[in-house]
Amino acid sequence: MIKPALPKGTRDFAPEAVRKRRYLFQTIQQCFEAFGFEPIETPAMENLSTLLGKYGEEGDKLIFRILNNGDILPLAQRARDSRELANLLAEKALRYDLTIPFARFVVMNQHQLVFPFRRYQIQPVWRADRPQKGRYREFYQCDADIVGSRSLFNEVELIGLYQEVFSRLQLRVRIRINHRKWLLALAETCGNAAWLTPITTAIDKIDKVGVEQVESELREKGFPTEAITLIRGYLELPNTPAEAFPAVLQLLRHHPAATDAVQDVEFILKHLSQNEPERATVQIDFTLARGLDYYTGTILEVNSEEVAMGSLGGGGRYDNLTGLFGLPDVPGVGISFGVDRIFDVMESLHRFPATTHRSTQMLWLRIDDMLMPQILEYVRQFRNQGISTEVYPDAAKIDKQLKYADRKGIPFAILLGSREYAAQVIGLKDLRHGTQEQVPLSQVMQVIRQKLQEPER
RNA sequence: GUGAUUGUAGCUCAGUUGGUUAGAGCGCCAGAUUGUGGCUCUGGAGGUCGAGGGUUCGAAUCCCUUCAAUCACCCCA
């Protein structure tokens, strides 16, 4: 016997979880559609070469590779080390995110698409990460991107989209915004543009480890004292727009990139809707880094205000994503929703609406098989009316049948046995209140339909 | 890739310095009630104590190895 088990970091979803997840997908999808985004889908697997090198060195390690079919031994023998071996034996890989496959899609379909192209995509992605809280090896992303436009109104739109979705889900979140050009200007002001990556990965940790740790990490990596002083100043920048913009410009000595970034972020904040106070707040966070190498402008990240959890979504602007696939000068900006984490947050806050539970509305009990033809006919009629209906299949005791209805949360059970038939009625039992009434056979459809429309008490 | 913690019934967990036949609650099945769920009562089924090895007269308990899960780091949604 094989012990039943799942691969690490993957999950089954029971009926209730699927209903709740669908609620999230539907909410997000409705918002995407309301904002005029169009759906696309791409394959679960891509050519390995499409994905390699797009997510940084760490990212490459986390790509799930698909072993080639056929006789792999001769190929394997040509490899000189395990890295080469891996690339020889796998030509395909599972997609790591939705953005790179989207870039490939845009290049391959560039002549058919209408630009600026707004697309959304809701599909699973796979990462060979070690799983932990809020982190899975198979999870869904819901992406919305706008490509073919440099306008900052796109950023304004996408932030509005975040606000709309989380407002509909009744989750309190904080949207943080930063700009890659500030980080670039910081690196250059420190003396070396190549320091961008070590600086950003170091300061990204500030929330967790604090300023001291960040500084000691930089010192260990051999950063000069002046650079560390500058970075400390950067970390201590105020975050209200009125103070932040002059301060960052002064700190970075009016570096042209820093000036660009100030203009961009100022523009975006100015155009965000101001008169809806219940919406998620947007705040400048100079320490927000985000790993993915392709971002060049604005970067965004969403966090719950209510539950400690990794980010619920993120995104940013990339000015040359399709350039990697031979189509230069297609700027874009996009955001992603992490449904699996949003699910965990909603679940821990019991924030799913009650309507996600119910499925079957009524159960017809199997009491007297002589009457089953008639029961099946009623069932057919109710189903045609869109009322979700079941018949208990086994000739079990009534209490077992009722227990089934109770456990499944079915609100109504209907008894039609020989006694009822003799009186030309059915027994209509309301499981929620424990009441039962008799309804004449001639009025069954009418009375029950009315019952189901009554508001729940 | 690195580190820590935990593995006992379907689930959540007890289990004494190593000592007889490993327990509880919940759940499941049956009965009390041959046509009425939830509540109650009675009874029953269900265990390779994660796996393998070692120490011992004797191991769920001590030691070693291994596997798995969880959490944290790195990184990320």
Side-chain angles (χ1 to χ4, degrees), chain A residues 1 3-11 24 28 55-63 95-99 122-143 162 173 197 200-202 204-205 208-209 213 217 288-293 299-304 308-316 334-345 363 365-368 371 392 395-422 426-437:
Chain A
M1 190 194 74
K3 208 181 204 173
L6 286 172
K8 204 193 286 287
T10 66
R11 297 156 301 158
L24 293 184
I28 292 167
Y55 309 106
E57 205 176 322
E58 285 299 313
D60 281 358
K61 291 184 198 161
L62 300 179
I63 294 171
R95 72 165 102 76
Y96 179 88
D97 73 355
L98 301 178
T99 306
I122 299 177
Q123 290 191 282
V125 304
W126 294 269
R127 296 186 186 177
D129 225 345
R130 186 173 291 204
Q132 54 178 279
K133 185 175 184 175
R135 174 178 300 184
Y136 307 98
R137 291 184 130 182
E138 177 184 67
F139 61 97
Y140 271 76
Q141 286 188 334
C142 306
D143 275 25
Y162 265 144
V173 297
T197 306
T200 51
T201 56
D204 192 32
K205 295 173 197 161
K208 282 179 185 168
V209 300
Q213 283 282 325
E217 176 175 336
L288 177 63
R290 292 192 61 72
L292 300 176
D293 285 351
I299 44 184
L300 297 167
E301 196 158 297
V302 183
N303 289 86
S304 170
M309 172 80 69
S311 62
L312 304 182
I335 59 170
S336 179
F337 291 83
V339 171
D340 299 80
R341 285 187 179 172
I342 296 172
F343 179 93
D344 290 348
V345 170
L363 176 74
L365 304 192
R366 175 173 167 185
I367 301 169
D368 183 341
L371 294 164
Y392 196 87
K397 286 185 188 169
I398 300 281
D399 73 337
K400 185 162 181 179
Q401 301 191 37
L402 284 169
K403 196 165 183 175
Y404 171 83
D406 184 46
R407 295 198 48 180
K408 245 186 120 170
I410 300 173
F412 292 101
I414 296 174
L415 294 85
L416 177 53
S418 50
R419 287 182 206 167
E420 287 82 7
Y421 189 73
I426 55 108
L428 174 61
K429 187 175 177 84
D430 184 332
L431 282 289
R432 293 165 305 179
H433 308 107
T435 55
Q436 186 167 338
E437 61 188 288

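This one's a predicted model, so the numbers in the text were calculated from it and none came from an experiment. Order of the sequence lines fixes the chain letters, A, B, ..., with proteins taken first and strands second; residue numbering starts at 1 for each chain.
Distances shorter than 4.0 Å separate none of the side-chain N or O atoms of A:Lys400 from OP1 or OP2 on B:rG35. When the side-chain nitrogen and oxygen atoms of A:Arg130 are compared with OP1 and OP2 of B:rA4, none of them lie within a distance under 4.0 Å.
Considering all non-hydrogen atoms of both residues, A:Ile410 and A:Leu363 come closest at CG2-N, 3.7 Å. Residues A:Ala396 and A:Gln401 share a closest heavy-atom pair of O-NE2, 2.8 Å.
Side-chain contact between A:Arg127 and A:Asp97 is present, with at least one heavy-atom pair separated by less than 4.5 Å.
Closest contact between the side chain of A:Arg407 and the listed nucleotides B:rC28, B:rA77, B:rG31 involves B:rC28. Closest to the side chain of A:Asp406, out of B:rG35, B:rG37, B:rC75, is B:rG37.
At the heavy-atom level, A:Gly434 lies under 4.0 Å from base atoms of the strands shown. Contacts of A:Gly59 with the nucleic acid, taken as non-hydrogen atoms under 4.0 Å apart, are absent. Counting any heavy atom pair closer than 4.0 Å across all strands shown, A:Asp340 reaches no nucleic acid atom. Using a 4.0 Å heavy-atom distance criterion, A:Gln132 is classed as a base contact. Across all strands shown, A:Thr99 has no heavy atoms under 4.0 Å from either base or sugar-phosphate atoms. No engagement by A:Glu217 is indicated, since no non-hydrogen atom pair under 4.0 Å with the nucleic acid exists. At the heavy-atom level, A:Leu415 lies under 4.0 Å from base atoms of the strands shown. Residue A:Phe337 is classed as having no contact, given no heavy-atom separation below 4.0 Å to the nucleic acid.
Where stacking is scored as ring centres under 5.5 Å apart with planes under 30°, A:Phe139 registers as stacked on the base of B:rA77.
The interatomic distance linking A:Lys8 (NZ) with B:rU70 (P) rounds to 8 Å, in whole Å. Atom CZ in A:Arg135 sits about 5 Å away from atom C1' in B:rC76, given to the nearest Å. A:Phe412 has its CZ atom 15 Å from the C1' atom of B:rG37, to the nearest Å. A straight line from CG of A:Leu288 to C1' of B:rC76 spans 12 Å, rounded to a whole angstrom. In this structure, A:Leu98 atom CG and B:rC76 atom P are separated by 17 Å, rounded to whole Å. For the pair A:Leu363 CG and B:rG35 C1', the interatomic distance rounds to 15 Å; values are reported in whole Å. With rounding to whole Å, A:Ile63 atom CD1 is found 14 Å from B:rC76 atom C1'. When the P atom of B:rC29 is taken as reference, atom OH of A:Tyr404 falls 14 Å away, rounded to whole Å.
Within a 6.0 Å sphere centred on OH of A:Tyr392, heavy atoms belonging to other residues, nucleotides or ligands number more than 12.
Counting distance only, with no hydrogens placed and no angle test, the side-chain atoms of A:Gln436 and the base atoms of B:rU36 include a donor-acceptor pair under 3.5 Å. For a distance-only test at 3.5 Å, the side chain of A:Glu420 qualifies as a donor-acceptor partner of the base of B:rG35.
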